[in-house]
2 protein chains.
Amino acid sequence: MNLKELAAKLGLSPTTVSRALNGYPEVNESTRERVMAAAKRHNYRPNTRAIRLATGRAFAIGHVIPLASRHEIVNPIFADFIAGAGETYSRNGYDMVLSVVPDENEEDAYRDLKARGSVDGMILHAPLMNDPRIALLHDVGLPFVVHGRATGADLPYSWVDVNNRRAFLRATEFLLDLGHTRIGLVNGLEHMDFAIRRRSGYADALTARGITPDPALMSSDEMTEVSGYRAAGRMLDLPYPPTALLAASMISGMGARRAVEERGMEMGRDISIIIHDDDLSYMKNGEDVPIFTATRSSVREAGRLAAEMLLGLVADSAMGPQTRMLEAELIIGQSTGPAPRPAIPKG
Amino acid sequence: MNLKELAAKLGLSPTTVSRALNGYPEVNESTRERVMAAAKRHNYRPNTRAIRLATGRAFAIGHVIPLASRHEIVNPIFADFIAGAGETYSRNGYDMVLSVVPDENEEDAYRDLKARGSVDGMILHAPLMNDPRIALLHDVGLPFVVHGRATGADLPYSWVDVNNRRAFLRATEFLLDLGHTRIGLVNGLEHMDFAIRRRSGYADALTARGITPDPALMSSDEMTEVSGYRAAGRMLDLPYPPTALLAASMISGMGARRAVEERGMEMGRDISIIIHDDDLSYMKNGEDVPIFTATRSSVREAGRLAAEMLLGLVADSAMGPQTRMLEAELIIGQSTGPAPRPAIPKG
DNA sequence: AATCGGTTTCAAACCGCTTTGGATGGCATA
DNA sequence: TATGCCATCCAAAGCGGTTTGAAACCGATT
């Protein structure tokens, strides 16, 4: 059942039927009701493909997901962001199209999405320092929103981000207040912008208390269980080990915990751990009682917000760049406690 | 740059240009080369919206993701499956459209995708026992592939699945061979088909050795860290606790480990744990040395296979239902060992 | 020279909707 | 009665491709 058939059944022109269904004013109310009723009765749904061609709009938002080397993105955090964003899209009648491509084709993927007219806007994931994709997307000319920020990007752009710097600053201060002075950072990959901001928050907090950040206590790697485990292990085996750790995610935190427990230490007593908690549906930081003390900010909510922002930009192309900064809460759990008596160098 | 403009530049008709680009035989080879070159030079990309309308095909595959109650799906496993499938789609010039909807709208979501012509086929995720969606998708009439199987579905359908029953059967036998007789099962939600199959593999292995499965040693819940922790904790606190556990995923396994370590026990010595390892990119079961002994099967690979199968069905609608059973490997890690001397009931 | 089969090209219809630019009719106003 | 203005409806022209049916051209055959 298409528009023409429906119009024929009603003895009206396709024009009028189309207008009636789309709420245009130049159609008699009684006619409109008749049309609406007939549409419902015949279970008429306009063909999206035709609408898309006729309007020149895709009613879809694109997410490009590079594989391989920067597969930073195939991670649980991504699933939650997508869930949040996708929810917003379907509520607004938009599709979400995911383009999963090898790293080297990423640029093409954005251009393709635009050139082939598959989407009306895009979300840029996991921005790097001086991320070239910002300029690329400007060049491509579709509205876009960045999940995160890209230090060094000189062009203006819309973003939704957590205040990573402040979160890690506060977490570090919290540990300092508990008497810890040897604090390790199990960071994400530091070409990722968020990781840089986190490190600067951490370092600034230390410096402000007269402590020089010790390179041996800073690691940077993917946020997997295994690398959390290894990074924490290396630090714990230092002659002068840390009494507290900051971990980049729930997952690296679990790796760190494994390293801690393997050494017969107890979390919260022998060593304090604070993680950044993205509040993942499938990786909750405990239920009533948090497992880890954490800086928490829901990435799913970030997905929702980014999607809303983008739909706004798509609707009103005159709108300038929007930004939204989210603050993480500091959640006190069982993994932190006062610093144990000053550690004595081993060996 | 559209087809008409390109044709004008070449002094050819749109017909010929279209045919040249699409590899039709009725065009002179030298003309084809000229067209190809011009297309590349002017960076011509056919407008997808127009192709879709003209051909009546969407060149897209749909995945419906229910939120809320059955958010079983917003989990790390999903991200990896998507990555695998998405990879296949983009290699074949297909888009992946994700429809994230509240549970109660799931049925509509499938019908909409079809009625509006947004996709050429769909993947059905996380099938339940007697899943009504199988009949629904038959009714909708688009090709589809199920990731998993749905016990009780009487209609034929295409699927890609791991042999969950055999995996858990083998894992249980492995533990039995090590002398364990009290073996706990930390299962996923048992309205999910895969969870049922796993339990039957577990139970059958026990029964075959003359052990009656003990309800107190079987739990069923979401595959989160917290529920793994709680389920394992409950079993360990039993008067006659298990000496081995089977966990449904890496994540619930980590929860189980937390419960174990919290009780001062050592994994692999005081208690053996085997998990099912979906080989997630972001949740690797160790690197050289596996953390857990595990039944392993890559869900990402499953995504690739399901996508390939579906594209095949889309291309040839006459093709009957296809099926593909994957076998899990048993990976020996550090989390298993011989059963400790027979446990003495506590208290 | 006329006919023919094969190759190559093209004009035009079509996919199903939106949207522009009238046309029509009714009613109030001059 | 003629005029103008609304309100309502419609025909037709897109949107940018694909595809059908036919035309043009070619050398080869009669």
Side-chain angles (χ1 to χ4, degrees), chain A residues 1-36 38-39 42-60 93-95 112-120 315, chain B residues 1-36 38-39 42-60 93-95 112-120 315:
Chain A
M1 171 65 54
N2 60 23
L3 186 65
K4 203 194 291 182
E5 289 167 25
L6 185 61
K9 271 199 205 307
L10 284 160
L12 289 169
S13 75
T15 309
T16 305
V17 175
S18 169
R19 287 189 161 143
L21 293 173
N22 291 317
Y24 282 75
E26 58 271 79
V27 42
N28 190 304
E29 267 317 309
S30 69
T31 310
R32 189 193 305 281
E33 278 164 28
R34 214 157 58 86
V35 172
M36 293 290 217
H42 294 92
N43 195 30
Y44 167 74
R45 321 244 186 142
N47 181 310
T48 336
R49 293 192 277 255
I51 295 183
R52 286 176 173 161
L53 180 57
T55 58
R57 298 179 53 190
F59 296 99
Y94 270 68
D95 281 343
D112 252 52
L113 246 25
K114 156 74 179 186
R116 306 189 317 161
S118 309
V119 302
D120 297 322
Chain B
M1 171 65 54
N2 59 23
L3 186 66
K4 203 193 293 184
E5 289 167 24
L6 185 62
K9 270 198 204 308
L10 284 161
L12 288 170
S13 74
T15 310
T16 304
V17 176
S18 168
R19 288 187 161 143
L21 294 173
N22 292 316
Y24 281 74
E26 59 269 80
V27 43
N28 191 304
E29 268 316 311
S30 68
T31 311
R32 188 194 304 282
E33 277 163 28
R34 212 157 60 84
V35 171
M36 293 291 218
H42 294 91
N43 195 30
Y44 167 74
R45 324 247 183 140
N47 182 309
T48 337
R49 292 191 280 254
I51 295 182
R52 286 176 174 161
L53 180 57
T55 58
R57 299 180 51 190
F59 296 99
Y94 271 68
D95 281 342
D112 253 53
L113 246 25
K114 157 73 179 188
R116 305 189 319 162
S118 308
V119 302
D120 296 324

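Bear in mind that the values here come from a model prediction, so they are computed numbers and not experimental data. Order of the sequence lines sets the chain letters (A, B, ...), proteins ahead of strands, with each chain counted from 1.
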Study note, to complete from the structure: So the contacted stretch of DNA chain D, first to last nucleotide with an atom under 4.0 Å from a non-hydrogen atom of chain B, runs from D:dG16 to D:dG21
Review point. Starting at the 5' end of DNA chain C and moving along, which residue's nearest nucleotide shows up first, B:Pro25 or B:Thr55?
Key: B:Pro25
Exercise for review: Answer whether the closest heavy-atom distance between the side chains of A:Leu3 and A:Val17 falls below 4.5 Å.
Suggested key: yes
Review point. What is the nucleic acid contact for B:Gly11, judged by heavy atoms within less than 4.0 Å: base, sugar-phosphate only, or nothing?
Key: sugar-phosphate
Study note, to complete from the structure: Between NZ of A:Lys4 and P of C:dT18 the distance, given in whole Å, is 14 Å
Check your understanding: Does any N or O in the side chain of A:Arg49 come within less than 3.5 Å of the main-chain N or O of B:Gly56, such that one atom is a donor and the other an acceptor?
Key -> yes
Check your understanding: Does a side-chain heavy-atom distance below 4.5 Å link B:Leu10 with B:Arg34?
Key -> yes
Review point. B:Leu12 side chain: which of C:dT9, C:dT19, C:dC15 is closest?
Key: C:dT9
Point to revise | Atom-to-atom span, CZ of B:Arg49 to P of C:dT18 - whole angstrom | key: 14 Å
Check your understanding: Rounding to a whole Å, what distance do you find between B:Arg116:CZ and C:dC17:P?
Key -> 13 Å
Study note, to complete from the structure: On DNA chain C, more 5' by nearest nucleotide between A:Leu3 and A:Glu26 is A:Leu3
Exercise for review: Send over the distance from A:Arg52 CZ to C:dC17 C1', rounded to a whole Å.
Suggested key: 13 Å
Check your understanding: Can a side chain N or O of A:Asn22 be found less than 4.0 Å away from OP1 or OP2 on C:dT18?
Key -> yes
Exercise for review: With the side chain of A:Tyr24 defined as its heavy atoms from C-beta on, choose the nearest nucleotide among C:dT19, C:dG16, C:dT9.
Suggested key: C:dT19
Review point. Starting at CG of B:Leu10 and ending at C1' of C:dC10, how long is that distance when rounded to a whole Å?
Key: 15 Å
**Study point:** 4.5 Å side-chain heavy-atom contact, B:Leu21 and B:Met36
**Key:** yes
Study note, to complete from the structure: Whole-Å distance, A:Asn2 CG to C:dG16 C1', equals 6 Å
Review point. Contact class for B:Ile51 (heavy atom, under 4.0 Å): base, sugar-phosphate, or nothing?
Key: sugar-phosphate
Check your understanding: Can a side chain N or O of B:Thr16 be found less than 4.0 Å away from OP1 or OP2 on C:dC10?
Key -> yes
Practice item. Starting at atom CG of A:Asn28, determine the distance to atom P of C:dG25, rounded to an integer number of angstrom. Key: 16 Å
Practice item. State, yes or no, whether a side-chain contact exists between B:Ser118 and A:Asp95 at a heavy-atom distance under 4.5 Å. Key: yes
Review point. When only distance counts, do a donor and an acceptor, one from the side chain of B:Thr31 and one from the base of C:dT9, lie under 3.5 Å apart?
Key: no
Exercise for review: Ignoring backbone atoms, establish whether A:Tyr44 has a side-chain N or O less than 4.0 Å from OP1 or OP2 of C:dC17.
Suggested key: yes
**Study point:** 4.5 Å side-chain heavy-atom contact, A:His42 and A:Glu5
**Key:** no
Practice item. Output all residues satisfying ring-ring contact (aromatic ring centres under 6.0 Å, His included) with A:Tyr44, sequence neighbours left out; order by chain, then residue number. Key: none
